[in-house]
> 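Below is one structure. I have some questions about it.
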Amino acid sequence: MPDEIPIQLEVIPGGGKYLVKAHPDEEELIREATKQLREKFNAYKQTFSEVNLSDEDILVMMAIDIATSHLKLEKKNDTIPFTTKIKQLNDELKDFLKEE
């Protein structure tokens with residue numbers, strides 16, 4: 001994208017800094033996502049403090065959690081079955097109207 005600008009953000013773990021290129025309109029969204037990741041990381045770290053997981057293990061668990069949530073949303077928002085059924089009903093209605 002030609003309108004991309006580098007945005008420097010502190011991202012987990014350990015306050016590492018990563019350069020993210022994004023459209024200026026997405027800066028606030030990226031900052032919110034970063035905040036949520038940091039909060040999720042801290043929550044996992046606290047929940048599993050007795051197990052003494054590495055930061056990498058926590059990140060893997062977060063990735064699985066986020067990917068699962070993403071897939072659930074994709075399936076929830078899958079409109080193909082509805083579109084197919086509407087097309088079928090529309091075809092049936094056209095056929096019915098032609099008969100009369």
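Computed from a prediction, not measured in an experiment: that's the story for all the values here. Scope of the values below: all heavy atoms of this structure, side chains included, with no hydrogens, waters or symmetry mates.
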> Sequence neighbours left out, what passes side-chain contact (heavy atoms from CB on, under 4.5 Å) with Gln46? Give chain and number order.
none
> Are Val51 and Ile58 connected in a single hydrophobic cluster, I mean Ile/Leu/Val/Met/Phe/Trp/Tyr linked by side-chain heavy atoms less than 4.5 Å apart?
yes
> With sequence neighbours excluded, what pairs up with Lys85 under the side-chain contact (heavy atoms from CB on, under 4.5 Å) test?
Gln88, Leu89
> Can you tell me how far the CG atom of Asn42 sits from the NZ atom of Lys45, to the nearest 0.5 Å?
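Asn42 atom CG to Lys45 atom NZ measures 8.5 Å (nearest 0.5 Å).
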> According to a 4.5 Å side-chain heavy-atom criterion applied to Ile, Leu, Val, Met, Phe, Trp and Tyr, with indirect links allowed, do Leu37 and Phe48 form part of one hydrophobic cluster?
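Yes, Leu37 connects to Phe48 through the hydrophobic network.
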> Does Leu93 CG have over 12 foreign heavy atoms under 6.0 Å away?
yes
> Could I get the full list of side-chain hydrogen bond (donor to acceptor under 3.5 Å, both in side chains) partners for Lys87, not counting sequence neighbours?
Asp91
> Under the salt bridge (Lys or Arg N to Asp or Glu O under 4.0 Å) definition, can you give me all pairs with a residue in residues 57-74, not counting sequence neighbours?
Lys40-Asp65
> Got a second to check how far Leu73's CG is from Lys75's NZ, nearest 0.5 Å?
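It is 12.0 Å, given to the nearest 0.5 Å.
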> In the structure I gave you, are the side-chain heavy atoms of Asp55 and Phe41 within less than 4.5 Å of one another anywhere?
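The answer is yes, as the side chains (C-beta and beyond) meet within the 4.5 Å cut-off.
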> So, using side-chain hydrogen bond (donor to acceptor under 3.5 Å, both in side chains) as the criterion, who are the partners of Asn90 when residues are at least two apart?
none
> Considering only Ile, Leu, Val, Met, Phe, Trp and Tyr, and joining two whenever side-chain heavy atoms are under 4.5 Å apart, list the other residues clustered with Val60.
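Reading the cluster by chain and number, Val60 sits alongside Ile64.
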> Check whether more than 12 heavy atoms from other residues, nucleotides or ligands sit under 6.0 Å from atom NZ of Lys35, and answer yes or no.
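No, NZ of Lys35 has 12 or fewer neighbouring heavy atoms, counting only those of other groups under 6.0 Å.
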